[in-house]
Amino acid sequence: MLTLKYITDHTEEVIARLGKKNFNGKDIIAQVLDLDAQRKSTQVKVDTASAELNNISKEVGILFKQGKTDQADQAKAKTAELKETIKNLGDQLSETENSLNNLLVQIPNLPHESVPAGKHAEDNVLEREGGEMPTLHSEAVPHWDLAKKYDLIDFELGVKISGAGFPVYKGKGARLQRALINFFLDNALAAGYLEIQPPYVVNATSGYGTGNLPDKEGQMYHCQLDDLYLIPTAEVPVTNIYRDVILNENELPIKNTAYSACFRREAGSYGKDVRGLNRLHQFDKVEIVQIQHPDKSYDTLTEMVNYVQTLIEKLELPWRILRLCGGDMSFTSALTFDFEVYSAAQERWLEVSSVSNFESFQANRLKCRFKGADKKTTLCHTLNGSAMALPRIVAALLENNQTPEGIRIPKALVPYTGFEMIK
RNA sequence: GGAGAGAUGGCAGAGUGAUCGAUUGCAGCGGUCUUGAAAACCGCCGUACUGCAAGGUACCGGGGGUUUGAAUCCCUCUCUCUCCGCCA
């Protein structure tokens with residue numbers, strides 16, 4: 001969430017920038033400022049009354065020790081009203097704080113100045129593109145047919161065991177998964193990321209920390225008996241490592257990578273979007289997370305985007321990078337680049353990675369700060385990206401590399417798969 | 001799952017009703033000394049809100065209660081540890 005200080009000091013600017021995300025912040029910001037003023041004045045009253053009570057209490061103690069019980073009793077009598085006042089003001093204060101917080105969590109992050117205006121995915125701006133568009137042979141088919149033909153992925157079997165969106169990978173299909181995970185992790189390691197194996201379920205506090213709760217509650221699987229949530233991405237547990245943490249400035253940047261299975265309910269999805277590997281309830285992903293000094297976070301974003309580009313290039317897929325417009329960006333992001341690969345048989349672009357700078361938006365909720373040389377604590381900036389999500393990469397690999405003789409594995413992956421062709 | 005013990009500052013660890021935001025040790029930071037380092041010595045060393053500042057307030061796992069006054073007493077929740085059971 002945004003910091004109160006920033007909203008207070010840059011009110012007009014905040015409202016204007018929220019407009020780019022198609023969020024009308026005028027009323028809510030006014031309410032926030034009003035509640036904050038209330039909060040402050042109530043706080044002062046509570047503090048003053050508490051100070052008085054503390055003084056009387058000390059006095060009473062001294063009087064008792066001196067044996068002046070009459071005077072002590074007199075002093076005690078004064079406290080009843082004071083306690084009542086403090087209790088009432090305290091209730092009022094927490095009520096105000098709750099309302100204030102409820103409003104703050106509804107305000108999205110401010111888009112970076114370079115974010116293009118727009119409402120929908122069509123308004124995203126092409127940043128750059130590369131790779132070669134494949135020419136498919138005449139009998140080319142979409143990946144779900146290839147998966148069946150070569151017995152790589154069994155969607156029906158997944159339905160039997162779990163339900164739609166839980167495919168079963170078999171044989172070379174399974175080995176391709178494992179190869180990609182290792183390929184992505186090894187590359188991340190070489191790029192200086194520390195490998196993490198996080199838990200796959202998180203508690204509610206962690207869900208709140210990354211902003212998956214309360215608003216996206218319906219998107220996560222919830223184990224009600226133990227009140228735990230299946231992670232929708234490794235971002236959740238990995239970022240929460242740094243919840244309530246004050247880092248030393250010289251520890252920055254923190255660079256973590258993690259492979260995890262990801263679980264998403266995807267309520268409300270339908271149609272061609274969910275065909276085959278395009279959208280699943282369970283999928284594999286390698287995530288990269290960085291925690292960085294505010295002055296350097298945009299350099300880091302560029303570094304991360306460039307890094308993801310190298311992965312796609314090694315996989316020899318046709319790709320493009322989009323700078324997301326205000327309307328298509330996530331609630332928490334300040335600037336996001338999406339990576340898409342072209343899936344030739346489906347003749348459509350598939351999003352395979354999303355790299356974002358959240359600036360201090362996540363860090364504020366997480367209370368992830370660093371202490372500088374001046375001993376001041378400052379909110380860190382957090383960034384993350386997929387590097388990368390497997391299913392759509394697999395879809396594109398299968399479709400684009402299909403030949404009458406079989407499916408060709410890109411050179412960079414062969415050491416990981418142990419085979420060059422799927423026949 | 002059963003029984004017991006516990007949760008205090010980065011870590012270790014005192015504190016069982018008031019002068020405790022908290023003794024002490026270690027770690028860290030600054031300094032003296034030294035060619036440099038070590039040792040020794042001196043000082044600093046939690047977070048947040050509020051205030052120009054001085055200061056005030058809150059926080060000793062979370063929540064509630066008793067009391068003029070709670071780290072300390074009571075209730076409750078959560079978590080951790082030990083033993084037993086089960087088990088990859």
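In what follows, every heavy atom counts, from backbone to side chain, and hydrogens, waters and symmetry copies are set aside. Just so we're on the same page: letters track the sequence lines, and every chain starts at 1.
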Notebook entry, point to check: Is the closest side-chain heavy-atom distance between A:Leu152 and A:Leu398 below 4.5 Å?
Noted result: yes
Kindly indicate whether the side chain of A:Asp244, heavy atoms from C-beta on, has any atom under 4.5 Å from the side chain of A:Leu366. no
For RNA chain B, the expected dot-bracket line (Watson-Crick or G-U under 3.5 Å, [ ] crossing, | inter-strand) is ((((((((.[[[..)..(.....]]].(((((.......))))).(((((....))))).[[[[[..)....]]]]])))))))....
On the six-membered ring of A:Phe419, is A:Lys172 placed so that its NZ or CZ lies under 6.0 angstrom from the centre and within 45° of the ring axis?
yes
Answer yes if the side chains of A:His381 and A:Asp295 hold a donor-acceptor pair under 3.5 Å, and no otherwise.
->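 Note: A:His381 and A:Asp295 side chains miss the donor-acceptor criterion.
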- [ ] For B:rU47 versus B:rG9, give the span between their P atoms, rounded off to a whole number of Å.
- [x]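 That atom pair is separated by 14 Å.
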query = Rounding to the closest angstrom, what is the interatomic distance between B:rA27 and B:rG46 at atom C1'?
reply = 15 Å
Should the ring pair [X] and [Y] be called parallel, tilted or perpendicular, given that the plane angle runs from 0 to 90° and is split at 30 and 60?
X: A:Tyr298; Y: A:His112; value: tilted
X: A:His281; Y: A:Tyr221; value: perpendicular
X: A:His222; Y: A:Tyr229; value: parallel

RNA chain B: first to last nucleotide in contact with chain A (atom under 4.0 angstrom from a heavy atom), 5' to 3', is B:rA18 to B:rG69
CD1 (A:Ile312) and OG (A:Ser353) are apart, to the nearest 0.5 Å, by 6.5 Å
